[in-house]
Amino acid sequence: MKFLLGNLYTRALLTSVIVAPILTLINQYDAVIGHGRINWIKITLTFITPFVVSVSSSLLTKRMD
């Protein structure tokens, strides 16, 4: 079971690493290209959100099986 959970968290981390930079670019385009201030709290939440969504949806799917 630990292997499956580790795999689940690895997939969630990979999802976050792929999705979060795209969302950051969309949400803070001006800051990324250098014309605005970067909001580090928003960036942190942008990286945490896809991870939490991926883990919770995987766990709910496993629970239904």
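- Side-chain atoms of S54 never come within 3.5 Å of backbone atoms of F51 as a donor-acceptor pair (strictly under, hydrogens ignored).
- When each of T44, N39, I38 is checked for a side chain to side chain contact (heavy atoms under 4.5 Å, CB included) with I41, only N39 meets the rule.
- K62 is listed as a side-chain neighbour of L8, based on a closest heavy-atom distance under 4.5 Å.
- Both L13 and V55 belong to a single network of hydrophobic side chains, linked directly or stepwise wherever heavy atoms of I, L, V, M, F, W or Y lie under 4.5 Å apart.
- The minimum heavy-atom distance linking P21 with S16 is given by the pair CD-O, 3.8 Å.
- Checking V52, T46, V53 one by one against T49, the side chain to side chain contact (heavy atoms under 4.5 Å, CB included) holds for a single residue, V53.
- A single hydrophobic cluster is seen to contain both I33 and L25, as judged by linkage of ILVMFWY side chains at heavy-atom distances under 4.5 Å, directly or through other members.
- Counting heavy atoms from C-beta outward, L23 and F47 have side chains that stay 4.5 Å or more apart.
- Closest approach of Q28 and K42 over heavy atoms only: NE2-CB, 3.5 Å.
- Residues V32 and Y29 share a single hydrophobic cluster, defined by chaining ILVMFWY side chains whose heavy atoms lie under 4.5 Å apart.
- Counting all heavy atoms, side chain and backbone alike, S58 lies closest to R11 at OG-NH2, 4.3 Å.
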